[in-house]
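Below: one structure, written as structure tokens.
So you know, we letter chains A, B, ... as the sequences are listed, proteins then strands, and number each from 1.
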Protein chains: 2
Amino acid sequence: MNSTIKDVARKANVSIATVSRILNNKTGFSEKTKIKVLRAIEELGYQPNALARGLINKNTQTIGVLIPTVSNMFSYEILSGIEKHANDLGYSVIVCNTADDGERTINYLQVLSEKRVDGIIIVSEFIREEYYKILTDMNVPVVLVSSISFQFPIPYAKVDDRHAAFSATDYLIKKGHTKIAMIAGNTSDPIAGLPRIEGYRAAHHSHGLPVNDDFIIDCRTFTHTAGMEAMEEILQKKLDVTAIFASSDELAAGAMSVAYRKGIKIPDQLSIIGYDNTKLAEMLIPSLTTVAQPLYDMGIVAATMLFEMKETGEVTQTQSRIMNHCIVERETVRSLL
Amino acid sequence: MNSTIKDVARKANVSIATVSRILNNKTGFSEKTKIKVLRAIEELGYQPNALARGLINKNTQTIGVLIPTVSNMFSYEILSGIEKHANDLGYSVIVCNTADDGERTINYLQVLSEKRVDGIIIVSEFIREEYYKILTDMNVPVVLVSSISFQFPIPYAKVDDRHAAFSATDYLIKKGHTKIAMIAGNTSDPIAGLPRIEGYRAAHHSHGLPVNDDFIIDCRTFTHTAGMEAMEEILQKKLDVTAIFASSDELAAGAMSVAYRKGIKIPDQLSIIGYDNTKLAEMLIPSLTTVAQPLYDMGIVAATMLFEMKETGEVTQTQSRIMNHCIVERETVRSLL
DNA sequence: CATTCCAACGTAAACGTTTACGTTTTTTGC
DNA sequence: GCAAAAAACGTAAACGTTTACGTTGGAATG
């Protein structure tokens, strides 16, 4: 395994240039020498050194992926899509779990920069100015997944959150619900928080329904425990609701478990709809009706965009993609009609 | 960003050797030149090229992780532990989703070999001879997580599956259950399958209880749907059981959802205990009693072992680690006493 | 003041590739 | 059979680092 192209060349009685030509199937060698070289490679167990290759070719066949949380099924379905498509095209992916920590993120970007990755995909993360500076300095394609930057021109693949939240709320309303609480995740999050609240509001308006701000529960995160706390808040405040729209499946699951403990039957006494359609949604009992983001596909699409940009050399501009969402009807929403 | 150490040297009026010395804080330069060079680096936005470094230092500060399935929370809690510890020590991790596909796995190993990763962690995967050949040729540390090889001397970090399964079954028996089914996952899997069945058997024996082979359900995988099918089989066969031990949380979740649909109350009419203690276990309703593998810690420990091996240069031998398991009592097991 | 020593640097080779350019050999055309 | 063209191959520079070794100059020593 320590053998180099030089060893191969010596063993096959040719120059390293010829070996290189054969390895990269260029022209300029005869069939005879080709098999001679191939045999030498075989016998030595030679593996080309990707570092040396990358150094001279200025590409590493490697991309970096920044993901905030790991406990989150959400991120990993996306990652899985990215990894799949990258691998299909001969790229490796380096995962970086930013843990929503700015310092860490910057450090990761630095490392990815030093490692000369060919591109970067950033999953549901707000792009700070510091990040953007590093990214532009790197001069490689970048794409956002399930996120968007209003400040910087970075292409993205995401669903229309406002629209999706509208659909979810509209769905509940059409099932006869008029008193709908929203477990909103982080309301100060301009990407995954606010637009969904807007959608919730807009759906009410479109049906001529008032919205009661007390019905919108802010929990600064999208986790299971946050969902539990939100549900407890709803119960404690004795909000008079027949349905809940939760900003993530985990939030919904948390709410459901509290409801279960309090003896509230879902969907008989309370309907609930989630967001994301992670694997969790189908595993819950009862299984969770939810608005589906095509997470895996979003990963694929993001990777596709990235490599497209790399091909064309257009590091900054490519067409962003709004992915389709849809409602997956399961067992947690009851019709009041 | 295209600036090299040469540019820095020129700008600071020193040789590249001096710049290198400063970058790697070796000795042999004055404080004065240090700040001069540091300023030049700052102004140029210079980033050292990890490829060139790796080429000459023969290390890449990168490790590879092979994981079978992605849909599986299990794998990712481990990955998360690995990534955390690797990053803390200045390493990047390349993820490779083998998808239980031998071809793919070999291809991944080849790529990791070409990229000259400093070590490889393999998560719950059987080590074929072909893999092992590539691995030894690479001459880097390898460690297994949640797996073991009887054939090859590769250190591992895992729980004692037999013992853990024993504990789970024993727990049920001590709660007064005597008619216990086992949803066994893949029974022909010598690593995660058989030992757990042995544990199940041993617990029965230790209490003088007979085991009915019909009570052991083989479903060739550890997924949610497999759990559903297994539960349906149990019901269809009208097995007279009061409790179920499932070989994974997902299996348990699948079984629970079928039970729910059939109107079987858990734990009132049927107790169930899972395996793994993934996040799923606490999100289920009712929350799942399960035997916990310290997945995140297993990731950490595996990484620790890997880097230890790298330090000591002992590529093959290091102490394997049997991780502690424990029963996490939640809501799905009822005492019959 | 001459010698020694050491800190502070510079030079150049090495890591393992790719590739432009030059050289040799073979093929083609007449 | 010979010139020309094409194919096959070799040489060496380049990619961006690290580092062994050599050089310089000033401080310390006697």
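Taking five base pairs at each end of the helix from C/dC1-D/dG30 to C/dC30-D/dG1, the local helix axes there meet at an angle of 30°, rounded to 10°.
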Test log, rule ring-ring contact (aromatic ring centres under 6.0 Å, His included), inputs A/Tyr91 and A/Phe307:
CA-CA 10 Å; A/Tyr91 284 78; A/Phe307 295 127; 4.3 Å; yes
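Regarding contacts with the backbone of C/dT18, every side-chain N or O of A/Lys26 stays at 4.0 angstrom or more from both OP1 and OP2. Between A/Thr33 and D/dC9 there is a side-chain N or O to OP1 or OP2 distance below 4.0 Å. Distances shown here put every side-chain N or O of A/Lys32 at or beyond 4.0 Å from the OP1 or OP2 atom of D/dA8. For the OP1/OP2 pair of D/dT19 and a distance below 4.0 Å, the side-chain nitrogens and oxygens of B/Ser20 include no atom meeting the criterion.
Here the side chain of B/Arg53 is nearest to one of D/dG16, C/dT17, D/dT18, namely D/dT18.
The NE2 atom of B/His85 sits 12.5 Å away from atom CE of B/Met305, with the distance rounded to the nearest 0.5 Å. Rounding to the nearest 0.5 Å places CG of A/Leu79 at 4.0 Å from CD1 of A/Ile67. Within the model, atoms OH of A/Tyr156 and OG of A/Ser147 stand 10.5 Å from one another, a figure rounded to the nearest 0.5 Å. Interatomic distance, A/Leu66 CG to A/Ile127 CD1, rounded to the nearest 0.5 Å: 8.5 Å. Here the straight-line distance linking atom CG of A/Asp297 with atom OG1 of A/Thr304 works out to 9.5 Å at 0.5 Å rounding. The OH atom of B/Tyr132 lies 8.0 Å from the OG atom of B/Ser149; values are rounded to the nearest 0.5 Å.
Using a 4.5 Å heavy-atom cutoff, the side chains of B/Lys279 and B/Glu77 are in contact.
Note: CG (A/Leu55) to P (D/dG16) measures 7 Å, nearest angstrom. A straight line from CG of A/Asn24 to C1' of C/dG16 spans 13 Å, rounded to a whole angstrom. Computed from coordinates, the B/Lys115 NZ to C/dT17 P distance equals 15 Å when rounded to whole Å.
Using a 4.0 Å cut-off between charged side-chain N and carboxylate O, B/Arg104 and A/Glu83 make a salt bridge.
Positionally, the nearest nucleotide of DNA chain C for B/Gly28 lies more toward the 5' end than for the other of A/Asn57 and B/Gly28.
Within a 6.0 Å sphere centred on CG of B/Asn24, heavy atoms belonging to other residues, nucleotides or ligands number more than 12.
Checking B/Lys115 against B/Thr62 by side-chain atom types alone, no donor-acceptor pair falls below 3.5 Å.
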Which atoms of nucleotides 23-25 of chain C (N or O only) lie under 3.5 Å from a protein N or O atom, and what are those distances?
none

Atom pairs under 3.5 Å, N or O on each side, protein against nucleotides 10-13 of chain C: can you list them with distances?
unit_1, atom_1, unit_2, atom_2, d
C/dG10, OP1, B/Ser15, N, 3.3
C/dG10, OP2, B/Ser15, N, 2.5
C/dG10, OP2, B/Ser15, OG, 2.8
C/dG10, OP2, B/Thr18, OG1, 2.8
C/dG10, N7, B/Arg21, NH2, 2.8
C/dG10, O6, B/Arg21, NH1, 3.0
C/dG10, O6, B/Arg21, NH2, 3.4

